Amino acid sequence: NGVLMSQMSRPCQMMLLVNPQSGKGQALTLYNNHIQRMLNEAGIKHTLVITERQNHAREMVKEADLSQWDALVIMSGDGLLYEVINGLLERPDWEEAIRTPLGILPGGSGNALAASIHHYSGASPVTSEELLVSCGFLLCKGLVSHMDMVSVHLCSSPRLFSFLSLAWGFVADVDIESEKYRHFGAVRFTIGTLVRLASLRVYKGRLAYLPATRDHNSEEALRSNTMLCKDRVPPVTLPAVRDSSFHNSCHSNNSLKVRRVESTPSRSVTKALPGPHDSLLPPLDQPLPDDWVVVPEEDFVLMLAMYQSHLAEDLLAAPEATPDDGVIHLFYVRAGISPTALLRLFLAMEKGAHLTTNCQHLVYTKVRALRLEPYSPKGIITVDGEVVEYGPVQAAVHRGLSRLITG
Ligand code: ADP
Ligand code: MG
């Protein structure tokens with residue numbers, strides 16, 4: 001009890017990971033100009049960790065003594081959070097580790113999660129330094145929500161986890177081709193889009209998905225309530241859940257330790273590997289169950305699976321998404337769309353209006369899992385904006401598996 005009391009009364013400790021190379025290379029300057037003072041004024045103790053190379057953050061959080069930290073906050077683009085999440089889920093104590101409250105401050109060129117958090121707060125859209133100040137403020141408020149995680153299976157790479165998006169075709173190509181314009185900041189996607197539109201192509205493959213039904217949703221909510229989040233409110237009010245402030249997480253960390261997860265029989269199959277069991281997915285080389293839908297088209301311009309609202313600072317790709325709706329918002333654009341019509345879609349997406357443009361080539365559906373088998377031997381698939389192994393891929397959502405500071 002003495003230990004509990006002293007832990008509860010110690011001041012909040014935040015690890016702030018800054019990538020000095022992200023975006024325009026200004027993350028440290030932005031920290032000095034805005035964030036340091038905001039955190040000090042809010043009385044939030046933090047330790048600055050400057051990342052030195054790719055995978056530095058991933059290795060650090062994999063080994064870190066997480067009991068020392070009440071929150072891990074990333075100041076970079078989405079790429080650094082992707083590393084941190086995968087590092088946490090590679091730990092033997094992943095169940096506990098992934099519940100560490102995570103925060104993000106936009107310091108990169110792809111700041112989709114930061115833009116999503118700002119959007120969830122109900123504030124009107126902003127970009128650049130205004131977005132940073134807003135996210136800094138929400139971080140200081142410190143309220144924590146649950147966030148969905150999507151597990152991604154590839155042919156020969158180990159399973160990985162995603163918090164934002166899975167893309168193939170036009171969007172994936174633009175994302176990667178535009179990395180050379182990173183020094184322009186978020187404008188890189190606009191430049192990349194225009195360049196790709198000029199040489200628009202068709203991507204062939206087979207797409208299938210498990211539809212998200214109302215039943216599934218409450219089933220999943222119940223399951224995640226029993227398995228992971230006993231403190232959550234009933235499923236109907238789930239999207240709005242704000243369970244605690246990370247300032248109180250010394251307290252909540254202790255209470256989390258009491259909650260044990262009962263292992264299910266099927267879990268023993270994947271026991272050797274850390275991370276949650278994927279009950280929705282058969283092995284990638286096995287046929288899909290009957291309740292999956294196979295998309296009739298095989299010629300696409302893009303496939304985009306989103307689990308947060310924003311694809312980039314100024315692209316509201318999934319207007320309906322909330323941090324823990326337990327849904328993958330699946331979009332695909334059929335081949336045959338003209339470059340002009342596709343451009344119109346992306347322009348409308350700035351306001352999240354692409355679904356109301358009546359574009360006959362755009363399909364939107366809510367799913368819990370999906371499988372994509374590209375036919376072409378070469379190409380780009382991205383997860384959270386990072387390139388992954390090209391080839392067959394499947395993914396399934398784990399509702400509210402992680403925790404995110406949303407303010
Ligand atoms: P951006 O939005 O600018 O792409 P990201 O956060 O996505 O920013 O970071 C881009 C990549 O930089 C990530 O893959 C990350 O692993 C890598 N990285 C992190 N720290 C460093 C560093 N010090 N030098 C170079 N690359 C780094
Ligand atoms: Mg990036």
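All ligand and atom numbering here is 1-based and tracks the order in the structure. These figures come from a predicted structure and were not determined experimentally.
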Option whose closest heavy atom lies nearest to atom 20 (N) of ligand 1, chosen from D78, I50, T51 | T51

Give yes if a backbone or side-chain nitrogen or oxygen of P20 is under 3.5 Å from a nitrogen or oxygen of ligand 1, and no if not.
-> no

Of all the atoms in ligand 1, which lie at a distance below 4.0 Å from a heavy atom belonging to S76?
-> 5 (P), 6 (O), 8 (O), 9 (O)

For the residue pair F346 and F170, categorise the inter-ring angle as parallel (less than 30°), tilted (30 to 60°) or perpendicular (more than 60°).
-> tilted

Would you say the side-chain atoms of Y332 and T365 include a donor-acceptor pair closer than 3.5 Å?
-> no

Taking distance alone, with no angle check, do L80 and ligand 1 share an N/O pair under 3.5 Å?
-> yes

Which atoms of ligand 1 have any heavy atom of E386 under 4.0 Å away?
-> 7 (O), 14 (O)

Indicate yes or no: does R182 engage E179 in a salt bridge with an N to O separation below 4.0 Å.
-> yes

Flag S22 as yes when one of its N or O atoms lies below 3.5 Å from any N or O atom of ligand 1, and as no otherwise.
-> no

Heavy-atom gap E83 to ligand 1 smaller than 4.0 Å | yes

Quick one: which ligand 1 atoms are inside 4.0 Å of a heavy atom on G79?
-> 5 (P), 6 (O), 7 (O)

Counting from 1, what ligand 1 atoms have a heavy atom of G110 closer than 4.0 Å?
-> 2 (O)

R201: what forms a salt bridge (Lys or Arg N to Asp or Glu O under 4.0 Å) with it, not counting sequence neighbours?
-> none

Residue portion contacting ligand 1 (non-hydrogen atoms closer than 4.0 Å) for R188 | side chain

Could you tell me which residues satisfy salt bridge (Lys or Arg N to Asp or Glu O under 4.0 Å) with E130, sequence neighbours excluded, listed by chain and number?
-> none

Do the side-chain N and O atoms of T51 and H56 include a donor-acceptor pair separated by under 3.5 angstrom?
-> no

Counting from 1, what ligand 1 atoms have a heavy atom of E52 closer than 4.0 Å?
-> 22 (C), 23 (N), 24 (N)

What do you reckon, does Q21 have a nitrogen or oxygen under 3.5 Å from a nitrogen or oxygen of ligand 1?
-> no

Flag for Y203-D173: side-chain donor and acceptor within less than 3.5 Å | yes

Report yes or no: do Q13 and D70 form a side-chain donor-acceptor pair below 3.5 Å?
-> no

Under 4.0 angstrom from ligand 1, any heavy atom of M75?
-> no

Any side-chain donor near an acceptor of the partner, H310 and D314, under 3.5 Å | no

Which is closest to atom 10 (C) of ligand 1 by heavy-atom distance: K24, R182, Q54, R58?
-> R182

